[in-house]
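This report refers to the structure that appears directly beneath it.
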Number of protein chains: 2
Amino acid sequence: MAGKANGRKARNGGGEITMSDIARHAGVSPMTVSRALSDPASVSDKMRRKVDAAVRQFGYLPNRIAGSLSSKRSNVIGLVVPSIRNSLYAAMIHAISDVARANGLHLMIANSGHRLEDEEALVSALLAQRVCGLVLHNSTHSKRLRELLARADIPVIETGNLPAKPIDMAVSYSNFDAARAMTGHLGRLGYKRIGFVTLPLRDNDRSRERRRGYFAALTELGLPADPGLVLEAPGGFAEGADALVRLVQTHPDIDACFFAGDVLAVGALFECQRRGWAVPGRIAIASFDDLDLLRHTVPTVTTLRIPRQDIGRRSAELLVNRLHGASPQKVRIDVGFEIVQREST
Amino acid sequence: MAGKANGRKARNGGGEITMSDIARHAGVSPMTVSRALSDPASVSDKMRRKVDAAVRQFGYLPNRIAGSLSSKRSNVIGLVVPSIRNSLYAAMIHAISDVARANGLHLMIANSGHRLEDEEALVSALLAQRVCGLVLHNSTHSKRLRELLARADIPVIETGNLPAKPIDMAVSYSNFDAARAMTGHLGRLGYKRIGFVTLPLRDNDRSRERRRGYFAALTELGLPADPGLVLEAPGGFAEGADALVRLVQTHPDIDACFFAGDVLAVGALFECQRRGWAVPGRIAIASFDDLDLLRHTVPTVTTLRIPRQDIGRRSAELLVNRLHGASPQKVRIDVGFEIVQREST
DNA sequence: GCGTTATGTGGTATCGCTACCAACCTATAG
DNA sequence: CTATAGGTTGGTAGCGATACCACATAACGC
């Protein structure tokens, strides 16, 4: 690592190769170099060849920071997810990443760790980086955050839920409808005492919507809503196992359990295997989100398929359209969900 | 979304709020605003209060693109992983993200999709964005890529393997040693016919190192190296199941199988459950990488624990140190690994 | 009292690129 | 042969911040 740039001294002397350098060596003006690189069709073949040769010779990489400042377009989109680690978000990020890359955009990813107060700070930081679009998973936002976004005047997509009043655009599914549909499905399969294990409810509209959907379905099924059948658990295999055991012990007549998180459901399933409880003979298990894993366990697990990749892809496509000049109209796309009936229910 | 910035016209008129605007309204010079924001201790209380008030009043967010151009520091680190979707990388990214955030750095993540030729393009793009540091998972690089990185003169960390000749710094473990240790472990447990299922070998030094480790251990154990006992499979539950079945059918005397990818191992385990093959009675199963899942399956699965989070954390810390001025010396950190003996072997 | 060091503040000159306008060249029509 | 249009090219003036220097003021020693 030679010649570290350490201050103004090095700026003029050993500074980076600039467009002017390339221009000088190619015998053209800097503007021609700029055009040859960003819109090759706008310069003549002769010029383009000269520029390309010089670019290759010096291994020139244009400075996009300068380009962004000048053009007021950063070509970076920001992403705030509750947890990079969760494979559900990973599937969405992957899809966004693919579409972004195909359109010459870069991704800046930030992790809110499910903390609402951090989201605001992260969005501020991304806006300071002048991202040209933003994807937020959360859809409960502080007032200040909404103001920030309004002032920033960039396209924003919410993906975690279908908010009643989206900030700008939303691509998601209804957590309420999904949980209601699955609970209803269990009821129609004949289960009478259906437990529900929810992920933490604090600062999490998705969790709350799912619980609301569960209760709505019970009412529709004409089943009593027993608060004792509802447990809150942080995500995790052990927590799912633990929740199931507690429900079975406190409510021996429980015949089905709906887990609002896939990992919880799998943890519970393994616990049943360990204890020799037949699934679905002793208790049926249903899950939320179609982890690949659920298709391979023994028994396979009934679940809700949420098209996470579609959410990512369509979000990115909407952003790209806007950046290409589409008129800024509120869009609210419901990607829907699907009940996948398998052996566990 | 009112007043979209559309070209030079809007630049002067309805343009963004700048430091000069804040300075004017606070009755100080732009430089004082700059200092009040980036190094509050360097200005007097009186000035800082005036600046803070104006900043709050206008909801001013400094333009970091301009800041980066001027200071030649982008405060963005680039990350190239084979797959965002894979939870192993996710754990590493998460750790990097945490350390980065604590140090005011942002993350730009790119997905190489295990394609070597894409890695070069992605690194170029990140360098054009003038990232101030780079983390690469892959450690087989094209000649042109190495040249690019040398010219860029920024800290680079490789995390996928411990290369003999790192570009700059490496934080990883030895895939060879790990695979060798696990194979040796199986041998010492008394298994005689040990199969090996590898992930794709093409363009993947990690996979090749693991296979090398497997063969080395067989030699040390005095067991014959039967190429028929080695299968290559793309990652996936079904692929793991399939590989196991094929090995058992072609080599009925096989008594253990080592999977170089965790998902493969779990797929195989489920297949055994389905077919009623006792694990480890009929066949023992060992895995690579300590997915949380492996601690909860029935039976639990013997595996190699690779400290993915540590890799991320230490990589980020090394980058941060360098950016804070640490001398650029080659560092090669071996985070090691650990054999986790469980019920499946 | 005056020189000397701290400390805080402002002015100026970039950073490397792109938008815009003006100038130029080559065709084609009249 | 001149006028007009179309297509390329170059010059200039920023984009919004920071580094560096210069300067003013306050604090200190002898």
Side-chain angles (χ1 to χ4, degrees), chain A residues 5-24 26-51 55 58 60-75 127-130 132 152, chain B residues 5-24 26-51 55 58 60-76 127-130 132:
Chain A
N6 52 355
R8 193 57 52 126
K9 273 288 171 45
R11 276 200 177 182
N12 314 312
E16 70 179 88
I17 299 169
T18 72
M19 231 168 219
S20 301
D21 296 329
I22 300 301
R24 191 162 353 99
V28 302
S29 81
M31 268 319 298
T32 301
V33 177
S34 174
R35 277 189 284 252
L37 294 176
S38 62
D39 181 13
S42 69
V43 300
S44 65
D45 281 9
K46 203 177 76 182
M47 290 288 172
R48 188 169 44 250
R49 266 194 300 275
K50 285 202 272 189
V51 170
V55 165
F58 291 93
Y60 169 68
L61 273 181
N63 184 330
R64 304 219 136 278
I65 292 184
S68 297
L69 178 61
S70 182
S71 68
K72 291 173 156 296
R73 267 180 288 99
S74 71
N75 288 332
L127 291 178
Q129 295 280 352
R130 295 299 188 267
C132 58
Chain B
N6 52 356
R8 195 54 55 125
K9 275 284 171 46
R11 274 199 177 183
N12 312 313
E16 69 181 88
I17 299 169
T18 70
M19 229 168 220
S20 301
D21 296 328
I22 300 301
R24 189 159 359 95
V28 302
S29 81
M31 267 319 298
T32 302
V33 177
S34 173
R35 279 189 283 250
L37 294 176
S38 63
D39 182 13
S42 69
V43 300
S44 66
D45 281 7
K46 204 177 73 179
M47 291 287 173
R48 186 169 48 247
R49 266 194 300 274
K50 287 203 269 186
V51 170
V55 165
F58 291 91
Y60 169 68
L61 273 181
N63 185 329
R64 304 218 136 277
I65 293 183
S68 298
L69 178 62
S70 182
S71 67
K72 293 173 157 294
R73 268 180 286 99
S74 70
N75 287 332
V76 175
L127 291 178
Q129 294 280 353
R130 296 299 189 265
C132 59

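Quick note: numbers below take in every heavy atom, side chains included, and nothing from hydrogens, waters or symmetry partners. Convention: sequence-line order gives letters A, B, ...; per-chain numbering from 1.
- B/Arg130 has its CZ atom 21 Å from the P atom of D/dA17, to the nearest Å.
- Looking at residues two or more places apart in sequence or on another chain, you find no side-chain hydrogen bond (donor to acceptor under 3.5 Å, both in side chains) involving B/Arg49.
- For A/Leu37 against A/Tyr60, the heavy-atom pair with the smallest separation is CD1-CE2, 3.7 Å.
- The side-chain contact (heavy atoms from CB on, under 4.5 Å) search around A/Ala66 returns A/Asn63, B/Leu69, not counting sequence neighbours.
- Summary of helix geometry: the two end axes of the helix from C/dG1-D/dC30 to C/dG30-D/dC1, each defined by five base pairs via their C1' atoms, are inclined to each other by 40° (rounded to 10°).
- Here D/dA17 presents its P atom at 15 Å from CG of B/Asn75, a figure rounded to the nearest Å.
- Residue A/Tyr60 places at least one side-chain N or O closer than 4.0 Å to OP1 or OP2 of C/dC17.
- Within residues 61-68 of chain B, the residues having any heavy atom under 4.0 Å from DNA chain D are, by residue number, B/Pro62, B/Asn63, B/Ala66, B/Gly67.
- Using a 4.0 Å heavy-atom criterion, one finds that B/Arg73 contacts the sugar-phosphate atoms exclusively.
- For the pair B/Leu69 CG and C/dG16 P, the interatomic distance rounds to 7 Å; values are reported in whole Å.
- Distance B/Lys72 NZ to D/dG16 C1': 16 Å, rounded to the nearest Å.
- As rounded to whole Å, 14 Å separates atom C1' of C/dA19 from atom CG of A/Asp39.
- When every heavy atom of B/Pro30 is checked against every heavy atom of B/Ala23, the shortest pair comes out as N-CB, 3.5 Å.
- Between A/Leu127 and B/Leu61, the shortest heavy-atom distance links the atoms CB-CD1, 3.5 Å.
- Judged as a side-chain hydrogen bond (donor to acceptor under 3.5 Å, both in side chains), the pairs with a partner in residues 31-45 of chain A (not counting sequence neighbours) are, in order, A/Ser29-A/Thr32, A/Asp45-A/Arg48.
- The separation between A/Met19 atom CE and C/dA19 atom C1' is 13 Å, rounded to whole Å.
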Distances under 3.5 Å between protein N/O atoms and the N/O atoms of nucleotides 7-10 of chain D, please, pair by pair.
| residue | atom | partner | partner atom | Å |
| --- | --- | --- | --- | --- |
| D/dT9 | OP1 | A/Ser44 | OG | 2.6 |
| D/dT9 | OP2 | A/Ser44 | N | 3.0 |
| D/dG10 | OP2 | A/Ser29 | N | 3.1 |
| D/dG10 | OP2 | A/Ser29 | OG | 3.1 |
| D/dG10 | OP2 | A/Thr32 | OG1 | 2.5 |
| D/dG10 | N7 | A/Arg35 | NH2 | 2.9 |

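- Here CD of B/Glu16 is found 4.0 Å from CZ of A/Arg130. Values are rounded to the nearest 0.5 Å.
- If you measure from atom CG of B/Asp45 to atom C1' of C/dG8, you get 12 Å, rounded to the nearest angstrom.
- Annotation: side-chain hydrogen bond (donor to acceptor under 3.5 Å, both in side chains) contacts of A/Arg24 (sequence neighbours excluded): A/Asp21.
- Between the NZ atom of B/Lys50 and the C1' atom of C/dG8 there is a distance of 13 Å, rounded to whole Å.
- Qualifying side-chain contact (heavy atoms from CB on, under 4.5 Å) partners for B/Ser74, counting only residues two or more places apart in sequence or in other chains: A/Ile65, B/Ser68, B/Val76, B/Cys132.
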